[in-house]
Each structure stands twice: as C-alpha cells, then as structure tokens.
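In listed order, ligands and their atoms are each counted from 1. Small disclaimer: the values here were computed from a predicted structure and weren't measured.
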Amino acid sequence: MKAKPKVLIVYTGGTIGMIKDPVTGALSNVDFNLISHHVPEINRLNIEIDSVSFPEPVDSSEIHPGHWIEIAKTIDEQYEHYDGFVVLHGSDTMAFTAAALSFIMEGLQKPVILTGSQLPIGVIRTDGKENLITALEIAVATNDEGKPLVTEVAVYFDYKLLRGNRCTKDSAEHFEAFRSPNYPELASAGVHLQYFEDEMYRPSESKFSYLTEVNSRVGLVKLYPGIPFQLYGHIFNRETTDAVVLETFGAGNAPKNKEMYAMLDAFIKDGGIVLNITQCSSGSVEQGLYHTSSEFNKMGVLSGGDMTTEAAITKLMVYVDPKNPSESQQKIMENLRGERSDS
Ligand code: ASP
C-alpha cells in the first residue's frame, strides 16, 4: 500500500488556538493538542500529521524576525521528512511572516502554507476548521507526475490560496481577511480544489537553504498632506537606519518639499536605500510619470513597483547589506520570489 503523505504543522499561536480567560475574558493561546481535539476531522484525512509548537504560542503581534528564522529552521530540519508544511499563525501579521519566509528560504520545492482564523477553533462558527483542513490538503497536493503543486510560501484563508509575499490582511471582521491586490489567486476551494498552476512560482534553485539573519535597521514612512518632515530626521539617519520604505501617493508621488528632498538625498548619498511603494491598496509605482516623482529618479530612490508594504519591508530586511549597497539595490529591484511584476 502507498504510504500516506506527511505534513508537519508548525503551531506559532494566533486566534485559531485561543481560548477565553474565564476571569478577564481576554483571549490567550493554548497548546496544539487542544486544537486537534476540536478538529477530529483531520484524523480522517489520508495524511500523516505531526506537529511542533512554539514553546509559548503567541498572538501574532508579538512575532518578530527571530520567530521567522525559527520557523525556517524547523522547516530546514524537517525538510526531507515531510511532503509539506502548514504554519498556524495569527492573521494580524501573517502577511509579514509569509513574505519574510518567502525571502528567507531558498530553493523551496515543497508547499509551506500559512493559515489561521478569525474566530477561535472552539467557537461553533469558527472559520479555523475549514482553513486548517484545506491547508492540509493543499500541503500534500501533487500533479500527475507526483510533484508538489505548490512550491512556494502561500497563505490559505477563506477558500483562497494566495501568494505569501503578495497578500495583505484587509479585514479585521470578515472571514475573507486577506487580499492579493496585484496578483491572482493560486488556488480556490469550492466543490473542487482548483489550482492555477500557471500562476505558481517555481524556484530555479533546487537545494533548500535559509538565511539565519535579517537586518532590522529598516524604517517605514507613510506620507500625508502636511507631513512635518523635520520629525523624521531620526529615521533618515545612517547611524540608525540602513533602508526606508516610503509609502507615497498614487503612482509614487510626493510633495515637492525641499526639506524632504534634502533629507532623502543625504541619506542615499550616505549609502542608505529608499524604496518607493504606493499607499494605494492596488496598482504600482511609476516613478517619473508625474513631475512630483521625477526628482526621486534623480536622487536614486528605488521604485518598489507593485510590492505590498509587507513584501517591501521584509525584502529590505532580508537583502539590505550595508557593506554591499549596490548588490543590495540590485536584489531589491529584481523579482526574486514573484513578489513584484515589473522587473
Ligand atoms: N490577534 C490575533 C493574532 O494575530 C488575530 C488572529 O489570529 O486572527 O494573533
């Protein structure tokens, strides 16, 4: 008899595994055994399931780069033993973790599916059951040749599989909590699980590896009319910062403000990287399209194209090496894991 495919669940925390504290009423995380107790259906899948858990599962607001590396390390250690991996994670920062993992891990030839839920698994109307069950099915899905259908980091939530570095959480209310504004779905779950193979990312590397360090000296500045740039001197400062994501208006526009220009110019001349992304919820930066962004080209501000904020920040954290600014810039502009469309 053919051996059952194997999945490792990496449980990090989040609402999916939370219960109400009887005294305070606040939600806190429980261990994975309680989750599986609430979803006995997973034992009926034709999948051998093992699980590992963070020593202390956390609300995803507590997730930091050390956790991303811990998840990548676990996958690395178990890579040969499993057909796929399901990471249970709070939805609040899931898009950051998914994007970060997509950059931290190289040569991924197996599915890494992040999922979670808006309602705890013990609640009757929970969305966690369906999310978990289908994520497990996706993690073992193969094509006619028996090869994994998904070879990337993806987020499964509310009947949709989205590329990890293309999605963003856009609802704190609806079960459909995630959106992939600039890239199509990878799969959709209805009566049938339909995979869109042409949209899937296929790595050129075949050997799995992961990075053990990221650079946290990355800032984020969102423009707004009347923004007092003098408050931002500490961010555009090479003593503290190696790179800044600048969330601009529309197709990458900003006010023609002398103070801002001087600040950005000095920062870039001093080896800092500024990455321009749009604060619009979809679409792309086209630097130079309007005169309000052509100065950026002259200064050496990089265009982030149609990357999400989550992808832009984590990409800088992974690839900005202050000792190698030109190599870093080249990596940022490249489409490395399907995170941007325009290069
Ligand atoms: N606060 C929770 C978290 O992100 C929300 C969720 O899981 O949906 O951990």
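With salt bridges taken as basic N to acidic carboxylate O contacts below 4.0 Å, none links Asp321 and Lys331.
Contact residues for ligand 1 (protein heavy atom closer than 4.0 angstrom to any ligand atom): Gly14, Thr15, Asp59, Ser60, Gly90, Ser91, Asp92, Ser117, Gln118.
Shown here are the side chain to side chain donor-acceptor pair (under 3.5 Å) partners of His192, two or more places apart in sequence or in another chain: there are none. Glu295 pairs by the side chain to side chain donor-acceptor pair (under 3.5 Å) definition with Lys298, not counting sequence neighbours.
Between Phe103 and Tyr319, the ring planes are perpendicular. Angles over 60° get that label, and only those under 30° would be called parallel.
In summary, the side chains of Ser341 and Asp306 do present a donor paired with an acceptor at a separation below 3.5 Å, with no hydrogens or angles considered.
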Under 3.5 Å, side-chain donor or acceptor atoms of residues 135-148 against the rest of the protein: list the pairs with distances, not counting sequence neighbours.
residue : atom : partner : partner atom : Å
Asn143  : OD1  : Glu145  : N            : 3.0
Asn143  : OD1  : Gly146  : N            : 3.1
Asn143  : OD1  : Lys147  : N            : 2.9

